[in-house]
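Quick caveat: nothing in here was measured; it's all calculated off a predicted structure.
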Amino acid sequence: MGVAAMLFGAAVLPLSMAFAQSGPAPTGAKPFLTVDGKAPLVLGHRGLPGLVPEETEASYDLAAALGTDALEEDLHLTKDCVLVVRHNPWLSDNTNIAEVAKTNAAVAARKRTVPGVRVKAPSATGVPADYLTDLSDQADPKSVLKSLIVDGEDHTNDWSISDFTMAELKQWIGGTTYDAANERPKVFNGKLPIISFQDVIDIAKVKSKETGRSILVYPETKNPTWNNAQAIANGCGAAGSRPLEDALIKIIGDNGLNTKDAPILVQSFEPGSLKYMRSHGLQTRQVQLVDGNGIDFKTGKVLLNNITNSRPFDWTVAGDARLYDAMLTPEGLAEIKTYAEGIGPWKAYIVPLKIAPWKDSNADGTPYKGSTPEASTQDATSLVADAHKLGLFVHVFTFRNEKKYLAADYRGDPSLEYLKFYRLGVDGVFSDFTYTGVAARAAYLRELGW
């Protein structure tokens, strides 16, 4: 019995809920506010990690069964230069590797224990003046294989995905839940093997045929600066090359997907990654992701005050002091338009969250920071309209069902959050719970008279 049948039984969703839009608009139906005039997409964020370990075959199978429009995945390069699907390149928090290491000496021996070293960062308000790097020996490019510092974030005493071949990962390591891990089912933890990007492409092809609808693949070049340094040290490319992007361009071409209308979208947080692929023959639609590292619940502003999430890491390495919010100015959006067809902003850039009245301290005198369930949504920004004016679509991340991710005025009901964003005209939502996004979209279609 498959995972979908085990969790839901044979009848997963009515067909009317699994399809967003088919045929001409009914008489009197209101138009969609998306840039292409079509229904917004529900994007299976790492498959369906709300129910099964993310970025596994079962996660993608289940997302497809529950009506997703896309299978989203993060890409890294293995030791033998294969594109592998996994969210984080350090493995202890999204796989069972720590348990495996207890009985597998080869795995245990590959834990990275060498400390990183600090280098200066470009100055910007609120951002640290220096950051860690795993180039522990400035004269030896292969020294990056000893430490585990990813985009300035310290993961010393953990395992790196780039120290294992694809065969080893599949044979030894199983995926686990990650976000909200303590609230999500654990029954499949460690029982579902890590898979390759080719595996996901194959799943999308099979599920598209089975369901009768086109299911996209939505790969992200994850941590490109870090991945390329690792890959070069592993012999996957020459000094100064970009093995991660080159491997992605090749596999897209090998699968007949290198056209603008192919069922694929390519995304990255690093502009340099997208610009490189566009200039090296990639014809697919591209998406510039826009991150933040928290919310100032007193002002409603997105926080941009750490090395890892405040700016693209290739900007940090290049000495560019701009932060992610520079991408969302008219000039920033215009620049994105030169190499991408869409943006993928964090949802707080579109619907700010704020706590009012604000208090400065808790009862015990410690500083009060607040939390999402205590905050209320504010008036939407102009970002969706600004992007649409330039012909850029907007895919927003990430929608989750757990109460801790939901603002107070959603009253614990995740469908209310989806509806708010659908009504604002977003073109797609990255969802950890495909079935909730699909059901909310069905309600939205009924609201418009479809």
List the steps, then state whether side chain to side chain contact (heavy atoms under 4.5 Å, CB included) holds for L303 with I295. CA-CA 5 Å; L303 291 173; I295 299 171; 5.6 Å; no
Side chain to side chain donor-acceptor pair (under 3.5 Å) between N309 and Y324, intermediate numbers included: CA-CA 8 Å; N309 306 105; Y324 270 114; over 6 Å; no
Would D179 and Y405 count as a side chain to side chain donor-acceptor pair (under 3.5 Å) if you check the C-alpha gap in whole Å, the side-chain angles of each, and the deciding distance to 0.1 Å? CA-CA 11 Å; D179 294 294; Y405 296 120; 4.6 Å; no
With side chain to side chain contact (heavy atoms under 4.5 Å, CB included) as the criterion, how do Y218 and L41 come out once you've worked through the C-alpha distance, each side chain's angles and the decisive distance to 0.1 Å? CA-CA 12 Å; Y218 207 138; L41 300 175; over 6 Å; no
Would V127 and T316 count as a side chain to side chain contact (heavy atoms under 4.5 Å, CB included) if you check the C-alpha gap in whole Å, the side-chain angles of each, and the deciding distance to 0.1 Å? CA-CA 11 Å; V127 178; T316 295; over 6 Å; no
For F393 and V287, what are the C-alpha separation, side-chain angles and deciding distance, and is it a side chain to side chain contact (heavy atoms under 4.5 Å, CB included)? CA-CA 9 Å; F393 58 78; V287 182; 3.6 Å; yes
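A pairwise comparison of heavy atoms in N228 and L244 identifies OD1-N, 2.9 Å as the closest pair. Pairing each heavy atom of P40 with each of D69, the nearest pair is O-OD2, 4.4 Å. Summarising the geometry of L48 relative to L62, their closest heavy-atom pair is CD1-CG, 3.9 Å, with the distance given to 0.1 Å.
A 6.0 Å sphere centred on NZ of K369 holds no more than 12 heavy atoms belonging to other residues, nucleotides or ligands. Applying the 6.0 Å contact sphere to CD of E57 captures no more than 12 heavy atoms from other residues, nucleotides or ligands.
Looking at E168 and R110, a side-chain N of the basic residue comes within less than 4.0 Å of a carboxylate O on the acidic one, giving a salt bridge. Between K222 and E73 no salt bridge is recorded (no basic side-chain N to carboxylate O distance below 4.0 Å). Salt bridge D325/K301: absent, no basic N to carboxylate O contact under 4.0 Å. Salt-bridge check for R322 with D320: passed, with a basic side-chain N closer than 4.0 Å to an acidic carboxylate O. Salt bridge status for R184 with E402: present, with a side-chain N to carboxylate O gap under 4.0 Å. Under a 4.0 Å N-O distance rule, the pair E99/K102 qualifies as a salt bridge.
Using modelled atom types, no side-chain atom of N227 and backbone atom of H76 make a donor-acceptor pair closer than 3.5 Å. Side chain of N293 to main chain of N305: a donor-acceptor pair is present (N/O by atom type, distance under 3.5 Å, no hydrogens or angles).
Using modelled atom types and a 3.5 Å distance limit, the side chains of D163 and Q230 yield no donor-acceptor pair. A side-chain donor from one of D427 and H388 sits under 3.5 Å from a side-chain acceptor of the other. Of the N and O atoms on the side chains of R86 and T78, not one donor lies less than 3.5 Å from an acceptor on the other residue. No side-chain N or O of D432 forms a donor-acceptor pair with one of N401 less than 3.5 Å apart.
Here the options are F430, F433, F421, the test is ring-ring contact (aromatic ring centres under 6.0 Å, His included), and the partner is F399; only F421 passes.
The aromatic ring centroids of W159 and F164 lie 6.0 Å or more from each other.
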